Trainee: 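Sharing a structure here in structure tokens format.
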Amino acid sequence: MATQTRVSPASGILSPDNEDKRSDLIDLLKTAYWMEIETVMSYIANSTNPDGVRAREVVEHLQEDIQAELGHAEQFGQRIKELYGVVPGSLEFNAEQTYLQPPSEQTDVVHVIKGVIEAEAGAIEHYQRIIEFCDGLDLVTQDMVIAIQRDEQQHLRLFEGFLREYEVEGRA
Ligand SMILES: [Fe+2]
Ligand SMILES: [Fe+2]
């Protein structure tokens, strides 16, 4: 009798029947991983570049968010590994955040706020896709992504509040 090297659970994301779904889920998680990594890059730039008194509050929150987004990237990487995937190397990275490039004027904090809102909304949308994909299939990943999605909702809400202030003044 042959020795089994890996005993697979009969149900759930690790079952042999769900091989294709596991592979699709790993792809979704890789996308999420890259989104977090790019957000870290963008938030470092956009928390360093701005000039002016009014940019201070935005800069401070972005600095805090860098650590949160880095933690999310690590969690996505860890989950990819747990699902028998491989965390991609840097050569697979493709930048997408056109809206978070430095503004032409470094006092243009509205540009930064709008860029952050777009990044957070995009993350929330992609994580919603993962949460729905995991339904009844992988509650561990689902649980993790729900918690991360809440962080992004908090980020989004905060920056929408910043934007509102500028809108009220007719500056956005
Ligand atoms: Fe994040
Ligand atoms: Fe975020």
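Here the structure is a predicted model, which means the values were calculated and not measured. All ligand and atom numbering here is 1-based and tracks the order in the structure. For the single chain, residues carry numbers from 1 onward in sequence order.
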Trainee: Output the atom name for the N/O/S atom of His155 with the smallest distance to the Fe ion (ligand 2).
Mentor: ND1

Trainee: Could you walk me through whether Lys114 and Glu160 pass the salt bridge (charged side-chain N to carboxylate O under 4.0 Å, His left out) check?
Mentor: CA-CA 8 Å; Lys114 285 182 173 170; Glu160 278 178 350; over 6 Å; no

Trainee: Can you name the N, O or S atom of Glu69 that is closest to the Fe ion (ligand 1)?
Mentor: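 Among the N, O or S atoms of Glu69, the one closest to the Fe ion (ligand 1) is OE1.
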
Trainee: In terms of side-chain heavy atoms, does His155 have a donor or acceptor partner in Glu69 at a distance below 3.5 Å?
Mentor: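 Side-chain D/A pair, His155 to Glu69: present.
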
Trainee: Please name the atom of His72, restricted to N, O or S, that is closest to the Fe ion (ligand 1).
Mentor: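 For His72, the N, O or S atom at the smallest distance from the Fe ion (ligand 1) is ND1.
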
Trainee: Before you tell me yes or no, could you show the steps for Phe162 and His61 under ring-ring contact (aromatic ring centres under 6.0 Å, His included), namely the whole-Å CA-CA distance, both residues' side-chain angles and the distance that decides it to 0.1 Å?
Mentor: CA-CA 11 Å; Phe162 288 151; His61 281 285; 5.7 Å; yes

Trainee: State whether a side-chain donor-acceptor pair under 3.5 Å links Gln97 with Ser42.
Mentor: yes

Trainee: Considering only N, O or S atoms, which atom of Glu152 is nearest to the Fe ion (ligand 1)?
Mentor: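 Going by distance to the Fe ion (ligand 1), the closest N, O or S atom in Glu152 is OE2.
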
Trainee: Are Tyr127 and Phe133, when compared by the centres of their aromatic rings, separated by less than 6.0 Å?
Mentor: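 They do not qualify: ring centres at least 6.0 Å apart.
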
Trainee: Is it true that some N/O/S atom of Glu120, main chain or side chain, lies under 2.8 Å from the Fe ion (ligand 2)?
Mentor: yes

